[in-house]
Amino acid sequence: FIVGGMVCLSGWEDVQRGFTSPQARTNKLGPLTLSEKQYPRKEDGSHTFLLDISQEEVGGDGSHRAYRDAFIKYIVEGAEEAQNDTASQKLMEQVTKDFQEMKDGEFFTSKERGLVPFLSDYLHHILFGFDPVKDRKDLDFLLNHYSQGAPPAFTSMYYINVPTKNGSAKDDTKKSVEKNSKIYEMSPKLANYPKDATEFKNLSKAELCELAVAIITIAAYVGSYYTFNVCLGNKPTPAHDGEVEEKPNMNLSYLDTIDIKDPEEVFLYILECLRLDPPVGGGHNVAQEPFTVKMLGKDRTFPAGTPILIPINLSSINENVFGDTTFEWDHKRPNLKEYSTHFQCVGRNHHGRICPGANIVVRMATEVIQRIGEARRQ
């Protein structure tokens, strides 16, 4: 079918092929259109927005790999070790306490306590090396930046091509993005970034930091926020299988039944929650040659250059994959991990597009949910 100007190919083989093959890209985030005006750019005017850069095998110039490698080497690397340090553990203790003490809903919306400030402080500590106490002024600015706008989208709407009621809203956010990027430039993790970054196609530190703002905005912050809303029972479950209305979220009742001390079982709990309500609706590819599909009973041919939606939300409830119990909650279902597509991959099979922070997000979510799950049983 057609959605958002894209051809959606939802067959399981199409999804597998889409996530494990090189991808050509255009200005799409799922079915949404990105605002090219807001893209992070280099001094020569070329953009660095990874979501809209094709891989080298399908017409790209190698920029996708180079910019991604820079982000991983100087921002992502070392984050898993930082998740074990005292500062990270204190933030974990505080967010667990907040969940116990705050009123229903407030935990997910307050900017003073709860999930919103936890995500900002925790991610900026493990990814950039900011100290939650000593760097409080900068962290408060970053929190205000990333929590602009209504949840769960927050500041990510800056990068989406949608009209705003306030014509100056995006101009104000642009100024905030620029200051955010400057703060990142001064972070401990980037102190040794090379002045001559030839291995990263001459991506400067300033340009990497502007790219990092976009990645943190759309993926790390919003994706993590959505994940916790689903897994901790705050977001209604979408209508499935002919239903017309959302259903109450029952995930916390399921959480109370699992082995909360087993991180592997908690991980499966997270995957099953997100299978029924994924944070990202899909990825995309741009066809390199004409293709024909059957649509409404007829063969339809589309030209090269057609954007193709790779639907995570539909692949997650594909009955050919998950069988007769597709629409039921079962975190011990066969092949749950192997067929997961939440991180732009199939299981952990991919072709260079898997979320670069997948491991740290899984670790963060698992530990928070373990702590909260244990607290609920006391």
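Heavy-atom basis, side chains included; hydrogens, waters and symmetry copies ignored.
The salt bridge (charged side-chain N to carboxylate O under 4.0 Å, His left out) check on Lys298 picks up nothing, with sequence neighbours excluded. Applying the salt bridge (charged side-chain N to carboxylate O under 4.0 Å, His left out) test to Asp256 and every residue at least two apart in sequence or in another chain returns Arg376. Evaluation of the side-chain hydrogen bond (donor to acceptor under 3.5 Å, both in side chains) rule for Tyr184 yields His124, Tyr146 as partners, not counting sequence neighbours. Among residues two or more places apart in sequence or in another chain, the side-chain contact (heavy atoms from CB on, under 4.5 Å) test is passed with Glu367 by Gln89, Met92, Arg363, Arg371. Qualifying side-chain contact (heavy atoms from CB on, under 4.5 Å) partners for His331, counting only residues two or more places apart in sequence or in other chains: Ile258, Glu265, Leu268, Glu272, Trp329.
For residues 340-378, no residue pair satisfies the ring-ring contact (aromatic ring centres under 6.0 Å, His included) rule, not counting sequence neighbours. Contacts classified as ring-ring contact (aromatic ring centres under 6.0 Å, His included) and involving residues 358-378 (residues at least two apart or in different chains) are not found. Residue pairs meeting the ring-ring contact (aromatic ring centres under 6.0 Å, His included) criterion with at least one partner in residues 295-319, sequence neighbours excluded, are Phe291-Phe302. For residues 112-127, every residue pair satisfying the salt bridge (Lys or Arg N to Asp or Glu O under 4.0 Å) rule, not counting sequence neighbours, is listed here: Asp98-Arg113, Glu101-Arg113, Asp121-Arg136. Judged as a ring-ring contact (aromatic ring centres under 6.0 Å, His included), the pairs with a partner in residues 22-57 (not counting sequence neighbours) are, in order, Tyr39-His47, Tyr39-Phe49, Phe49-Tyr159.
Under the 4.5 angstrom side-chain criterion for Ile, Leu, Val, Met, Phe, Trp and Tyr, the cluster partners of Tyr339 are Trp12, Val15, Phe19, Val280, Ile310, Ile312, Val321, Phe322, Val346. If you chain together ILVMFWY residues whose side-chain heavy atoms come under 4.5 Å of each other, Val133 ends up in a group of its own.
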